[in-house]
Structures are given as structure tokens and as C-alpha cells.
Amino acid sequence: MERLYDNSLYELLSEISSSRRRGSSHPRDDDREGADLTGGMKAQPQLATHQGLTTEKAVVNVDAETWAEQHAWSTMVPQSSTPPAGYGDDLAGKLGSLLGGSRGALERLSALPLTRKPLEARDGVEGFLLQTMYDGERGVAAAKIYDDRNGIVYVYFDRTGYMPYFLTDIPPDKLQELHEVVRHKGFDHVEVVEKFDLLRWQRRKVTKIVVKTPDVVRVLRDKVPRAWEANIKFHHNYIYDYGLVPGMKYRVGKGRLILLGGEASGDDERHIREIFSGEDESTIEMAVKWLSLFEQPPPKPRRLAVDIEVFTPFKGRIPDPSTASYPVISVAMSSDEGWRAVYVLARPGVPMNPPRGPLPENLHVEIFDDERALILEAFRLISNYPVLLTFNGDNFDLPYLYNRAVKLGIPREYIPFRARSDYVTLEYGFHIDLYKFFSTKAVQAYAFGNAYQEFTLDAIASALLGEHKVEVESTVSDLPFFELVRYNVRDADLTLRLTTFNNDLVWSLIILLMRISKLPLEDVTRSQVSAWVKSLFYWEHRRRGYLIPSREEIIRLKGTTRSEALIKGKKYQGALVLDPPSGIYFNIVVLDFASLYPSIIKRWNLSYETVNPVYCPESKLVEVPDVGHKVCMSIPGLTSQIVGLLRDYRVKIYKKKAKDKSLPDDVRAWYNTVQAAMKVYINASYGVFGAESFPFYAPPVAESVTAIGRYTIKQTLQKAGELGLRVLYGDTDSLFIWNPDEDKLRELQEYVEKNFGLDLEVDKVYKFVTFSGLKKNYIGAYEDGSIDVKGMVAKKRNTPEFLKKEFSEMLAVIGSVKSPEDFIKVRRVIRERLRKVYHGLRDLEFNLDELAIRMALNKPVEAYTKNTPQHVKAARQLIRAGVQVLPGDVISFVKVKGKEGVKPVQLARLPEVDVEKYVESMRNVFEQLLLAISMSWDEIIGSSRLEAFFSRRG
DNA sequence: AACTGTGGCTTACACT
DNA sequence: AGTGTAAGCCACAGTT
């Protein structure tokens, strides 16, 4: 084993690659050769500090065979390892001769063990419950617990004898006749249990079929005529049946998990009882119980973000993780402790030029001439961290590393993760794939206000962190050494920072979502909002002894929709959108019903069991306007209760705490996250009832919500008319009022409060609004010059960049308007700008990227059978050129002359561009804007064309 | 037979 | 989740 330590990796390697270092960078004297760096290196992955290039300490691992020899698995490594084709040049030899064959002692990056398993949690262990699972080896339920005092992950194996089961209505004696069931080798025994049937509002006895292993449930549930609760995962059942709250602190005592800090103090309880005083006792009880979920500080485990780069000989083709045919050329890791490391595979011939941009602080670079050693050292770190963060690690980085490791002969027991059916989990800690988490629609919309539109690391990081990936011109495989390092480490850094920014906002959000939904860490970060709501509902049903109804039952007893959707193919009618005028209107006040749909659910007691009930005590029923569904008001609806509770918690407590300046910053940040988590949940509560995938799918509930919404806004509209308020526009829950009288506004708000129990808030005040005359399409300008653009074509992703840029510049001009008179000047400026762009386009002054139209493939290319949209045409051309194209990919294409009409940017040349088509899109983009400010395209460009015609002739 | 206009339909994207 | 806009494909009818 030879290991080199040098003060300047760049200096050393640039000599090897015979490209002389330029500039004046020199190693610091005290760090010159001979200085003992090894001491610090042995113990910790806290590697050498680095300031620019000159003092960078690098580790060059030149002989992995010797290294491997000293490890238990040396037999797995051939004596003379054959590097992958194309990587055969012997860097070790070159380094060796350069250094006169000096041999150093074996050094490892860190003293951490190569593999690690969680310790078994004995009585007395305390920590945060982060994951439950089924342990196949022992055949028991298990829970992973993170002890934040010493940073260790424990595993608790169930000692209560908990077993998998499902329910049926066949009495036990009848069940004995079903031989397929009772003689199945996985069958264990039956019990009779009593449950409350919420749908029919009565107690009933059901038969519990207990089986030996979770997979048997899937077999036997089809052998009985009716089965209940047979689709719930075993490791979720464990949580629901014991009332566990993932994300909260527990102690193992007497072989059981005991919640810590779950009790509210006397003062807190009084406070909560006061705030929820108008509610029924079961709601208040829930409110008291929930307090600790939002108050207990979250655990802060160490986190490691990992990103890999793989060699590929084909430009633009993503290497296939299932075959893992090409070498892993670089692995970057970034930890929340502040250090970063990049392990790079030696590839002679790769240029060693200085990097084109700065490298981050605390960066350690290590070069390996053996891919196996590289991967193993990466595994060593992954094995030892409680939390691993990746961006698309479920589908790329981890499967690739796994398959590559197997291919290279690394024994499976050295691989620190295991593939589950659709994700990858860690042997020791927990794996979070941030791509999956940020792709969750509810997270995108409600937690981050649609700040990012695409689910790429670059798009999300630039929206949330204001930082981009390193831009590269060629493929990763062709990058010079330091560019690869810079690129790779940036990706790992961004991935890490997506969870650490704003006082660990995302990490805290995940913990809170776990506590509300009752889903384990690796589940909550990978599922959609309907699964979160589903889980909370299941948990709550179990807590109260309710039978969880089957999907078919709900549909059968509740009926279907009574309204026709306006749009073909939709199931029921939705929101009301008023017809807007066109033109400019000064002084517009926008009123907004505060969380309209959740408030309706709460106020109208909507839930799957209260709408069209089988039985309603005292027949206290109300009718939903328009659709005629009946709602039972004498029993508290479960959905209404939960949604109302979260809404009140958010509005009455946590929105206030989040703004309370007397609290320290980090506490305030936590409370802000609490209210954001609640917002995600509250806003999702309506939509799930209209989603067929939701197990409590109940179209009459969803339809009632929208019908009451339409009714409310119509009534308010009428009242506004009576008060002499001029309503110009409204969409779902908003009203745009022109130049209102303040007293009348207040009167309208009082009317809404009194008649509907809803808050009608002043959402925003616009200095002026320009309406195009189309629905969901306007520009609103605030007093300070800032601007809201809604629905305009120019805002859409599939509008070419040059048009977006021009549009936003014109918006700035419009934002500067102070009075109606200013519009005369604005019109002149806009006329001139438009003409300039028009002529620029005619003369092809734009490049292909500016002209590109970007459109997403929503399904595989083969699935477009009805017709062939333009982006699919372009995608097919890419496939013919050997580029892999997958669903979700955004295709960039330009419109060109010729039969096909389009070409992907990668294959197109500027002269081919069809200018007429672009003039047409330019017209479409700006006409909406021009319409709003009483101008027309023809007036501007028509005369411009004449001028041009004459000037060319002249 | 080739072209043009129309309208239904598919698709993507944004708004609430 | 439904509602709304826009663009483009494609079959069809009618015209040249």
C-alpha cells in the first residue's frame, strides 16, 4: 500500500499529467512535506482543511490490493486486479517512480468500521421512533430508534407477540369450513373482536384471522367473501394498534415502547381547553393529546448526502443501474457537520487544469486506482451515518452502487443498504430520497408555494437555496479532474442543504409530517398526501375502535355524484369562476375566503359517515344546496373534526407563535414549520375525497364541498351587489372589488361571518389590475411596483425563453405606472420594444436555446397513440439519435422549416428555424398583454412591416 | 388529387 | 380535485 500525502494535490498531479501549474499558488510552509497529516486523518473523516488550491491536502490511494489484503475479504480480490477497459494506465506506477518508490504505512480515511448494524434496544434505551418494519429473520415487528444523546441507532424487536391479521364477517364456526383458510400453513388462529361500524352507526362483532407472516394476509384475504383492513401494511398496523407516534421520543421499558413527553402540563391543558372551548369533549381531548406532537423538539441526527457520477461512453444517455456496466468515477459526500469528500477514480489522461470556479471549504479529495476500494470507502461512510440523503437515490445512485459492487465481487454483507420493492433502505440508518419528497405535489404546492416547477435538483435548489448545479458543457465523463470534483461535490452539497436551510426547515417538516400522519420516516418521505391522510385516518379509527370501512361499502352506501362536471371526463362540478372584463382598473381590493374548503368541511360537519348517512340520531339533517346530499349534524364527523382541529391549531396558535418576536429565531422557525405542516394537511383534506386512490373515496363528500363553495360565493356576490360594491372578477374563493367603499367592505365581511361562519379577508390590494378578458388571466400591480402575473402564456414553461425575457421586461415597465396618464408613455415604450424584438426575430438574432420550447413527456413515448404532439416528434428524433428518453423528461425543441416541423435543440441548426412560426407565437404571447392595455398587435407590427418594406426598398 | 377550413379531441400547463 | 386557456393533431367535408 502506498499512500501519498501532499500539500497540493493539484501541484503533484499536474506534474504527472505534465501540464504545468500556472499562477503563484504555493503550499504553506508549515504544511510542506514531512508535516504529519496522518494523525488527524486516521481518526476522523474530518479531513484536511483546504483554502483554495494551495493548502489542499489530498490523499492518493494508489494500491488498493495491498489495502484489500489487509482486510477480511482480500480473497475476493484477484491478485492482479484488472482495471476496467480504458482505465488501464498505471497511475500507481507513475506516482511510484515520481516518489522514488517510497512506501507508507496503511492509512485509512477513518477508523469507522466497514459495516455496521443497529444495536438491539434493551430496556432503558431512549430515543426517537423513526421507523417500523417487519424483521423477516426473526419473524417479528421491529422499530428503529434513534438515540440523540449519543447519536446511535437501535433496533427494538417486538416482545409482545404482535402478529399479522385481517378481519372478516364470517363467524368462527363457519370459517372452520373454509379449508383453504384454516388449513393454510400460514394460518394461526381466529379471534372474535367487537368494532364500531361508523357507516351503519352500530356495534358489530367481526372475526379476526391471525396469521403467521404478513405475506399470508395477501393470500388469505381473497379466500373469504368479505375482508376488512386487509390492505394495511404490517409495519403500519403495528403503529396503529399500539397507538405509536413516529417522530416522537420513546423509552423501551418492560419490553414495550413507552411514549415520553406526551403529557401536556396542567397549564398547557387549561390553555388548550380554553381555545377549543366551543368544541365537543372528544375534540378537546384530541387537541390536548396532540399538543406534544408540535412542541417536542425534533431529533437532530447527523446527515450525509451522497451523489455519484458514472462513466458513460454515450452522450446524453443515463447509465442503466440494473446492469451497472460502466465504472463509478466519482462519489461525493457532504455532511451536516461541515466536511465534504470526493472519492475519484484515477483515469490517466484526464486533464488536471485548475478548476474553473472555486472549490468549497473543508473539501477532501481522494483518488483511487481501484474502483472497488473507492466504493468500499464510500460504503464505510454510508454505513456509519444515521441518515443518508440522496436525490433520486432510490432509482439511481444506490441501485447503481449496489449492482456495481456485486459486479466487482464485493460481498453483499459489505453493502450497507437493501433494495425494497420500490425504494432502498439502509441496514443501519435511514435513507431519504429527496427527489421523492420534493416531487410530492402537496409539498411543492402548499409547503413551498409552487416556488419550483420542475423536480430536478437544479430547479429545486435554485428556487429554495438560490444556488445552481455546476454548469457543464460536455458530459460528466469528459470533465477535467477538478471540474468533475467541483460538479460532484456541488450536487452532494445541494442535496444536503435542501434539508438544512432555514434552520433545518425540511428536516423539521418531515418529522412533523411523521407525527401528524403516523407514518415512519422512510414511508412519509416517499408517499403522496393521500397516503398521509389515509394513515392518520387509520390510526384514528383504531384508537377509537372503529371498523375501517372498505372502499366498496362507502360507494354503495353513499351513492355517487349528482352534478355534471363542466369539463368532459371529470367526475363532478367544481368551483365557480366569474367572467372578467378586459381593460385596466385602478384600486382593486381582493377579498379571499380564509381556507374556504377546510372551513366548509368543518362548518358543515362533512365526512364520509355524515354525508348521506345510513342512520342519523334524531334525524338532524341538512341539505347541501345544488346537489341535494343530506348531512347529519347530530354526530361529529371524523373528517370535520380532524380538519377543524388542525385548522384551529394553525390559526389560533401556531401562526401567532411563528410571528412572535419575543421567541428566539430557531423556536420561531420551528413554529413556522409547524403551521406549514398543518397547512399541507388541511389543504389536502378536500382533494383526497375526490381521488379514487384514497381508501375513503367518497364522491358525495367532494361534490358537497365544491357545491357549498359555489353557493357561498354566489350569495356573497349578491350581497356585494346590494351593497353597491363592484365585483369585477372572482375565482373559487376570491372576489376582485373595484374602488370599494371601506364601510361597505366591512359590512360584507360581517355578512359572511354571520351567515356562513367564514372569514372573508382582504388578501391583497392592487394599485391596478389589467384584465385580458380571459378567466385566470390577469396582471396585478401593487403600490410598491411589484407585480403578480396570472395565467399569461408568457409565464408557462413551454414558452420560449426570449419571449419570457421580453415579457418580464415589459412587466417592469407596466409596474412603474403610477396613474392612468402614465399608460400613454407605457404604450409608446411597449410599441418600440415590440418592434425591436420583432425585427430581431426576423434577422435571427436569437440563439437556439432562447428559441427552444420546453415540454414534458407525461408518459413513455410509445404511449402517445392518439396523435403525435410536437414534443413527442422531437423526442422520437432524439431516440433515433441514440438518446434515452423517459417519462418526465422535458424535451427542448425548436420549430423548423420542413415536413416534420420540429427538431430537438441538440440536433437543430439556427438557419433551419421557421421564423414565421415564431412570429406567430410572439403575437400570441403579447396579444394577451396588449388586449389588457388597449393596444393591438396589428397596429404595432402591421405598420412596422410597412416601414420595413419601404426602408428595404429605399 | 391536392388544398383549406372546421371541429372534435388530445395534450400540456396554470389557477384556486 | 375541478376549471380554464392554448396549441396542435387529425379526420372530415367541401373546394379548386
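All chains are named by letter (A, B, ...) in the order of the sequence lines, taking the proteins before the strands, and each is independently numbered beginning at 1.
For A:K917, the NZ atom counts as loosely surrounded, since its 6.0 Å shell holds 12 or fewer non-hydrogen atoms of other residues, nucleotides or ligands. Other residues, nucleotides and ligands contribute at most 12 non-hydrogen atoms within 6.0 Å of the OH atom of A:Y435.
You'll find that the side chain of A:K796 is closest to B:dC13, out of B:dC13, B:dT16, C:dG8.
Here A:A575 lies in heavy-atom contact (under 4.0 Å) with sugar-phosphate atoms only. Heavy atoms of A:Y572 sit under 4.0 angstrom from primed sugar atoms or phosphate atoms, though from no base atom. If you check every strand for non-hydrogen atoms under 4.0 Å, A:V925 touches nothing. Heavy atoms of A:K873 sit under 4.0 angstrom from primed sugar atoms or phosphate atoms, though from no base atom.
For B:dT16, the OP1/OP2 oxygens have a side-chain nitrogen or oxygen of A:K790 closer than 4.0 Å. Contact check, A:K776 against C:dG4: no side-chain N or O comes under 4.0 Å of OP1 or OP2. Close to C:dG2, at under 4.0 Å from its OP1 or OP2, lies no side-chain N or O of A:Q573. Under 4.0 angstrom from either OP1 or OP2 of B:dT16 there lies at least one side-chain N or O belonging to A:Y778.
One interatomic measurement links the two molecules: CG of A:D731 to C1' of C:dT3, which rounds to 8 Å at whole-angstrom precision. Atom NZ in A:K775 sits roughly 13 Å away from atom C1' in B:dC15 (whole-Å rounding). Spacing between atom CG of A:D592 and atom C1' of B:dC15 amounts to 13 Å, rounded to whole angstrom units. Regarding A:Y446, its OH atom lies at a distance of 8 Å from the C1' atom of B:dT16, rounded to whole Å. Counting to the nearest Å, the P atom of B:dC15 and the CG atom of A:D763 are 15 Å from each other. A straight line from NZ of A:K441 to C1' of C:dG2 spans 15 Å, rounded to a whole angstrom. For A:D733 and C:dG2, the CG to P distance is 17 Å, given to the nearest whole Å. Distance, A:K570 NZ to C:dT3 C1': 8 Å, rounded to whole Å.
For A:K602, the salt bridge (charged side-chain N to carboxylate O under 4.0 Å, His left out) partners are A:E279, not counting sequence neighbours.
Of the two residues near DNA chain C, A:V577 and A:V688, the one whose nearest nucleotide lies more 5' is A:V688.
Using a 30° and 60° split on the angle between ring planes, A:F537 and A:F694 fall in the perpendicular class, above 60°.
For the pair A:K859 and A:Y864, the cation-pi criterion (under 6.0 Å, within 45° of the ring axis) is fulfilled.
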Please list, pair by pair, any protein nitrogen or oxygen found under 3.5 Å from a nitrogen or oxygen in nucleotides 3-11 of chain B.
from   : atom 1 : to     : atom 2 : distance (Å)
B:dT11 : OP1    : A:K859 : NZ     : 2.8

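For the residue pair A:Y782/A:D788, the side-chain donor-acceptor check at 3.5 Å is satisfied. Side-chain atoms of A:N777 and A:S772 include a donor-acceptor pair closer than 3.5 Å. Checked by atom type, the side-chain pair A:W532/A:S527 shows a donor-acceptor distance below 3.5 Å.
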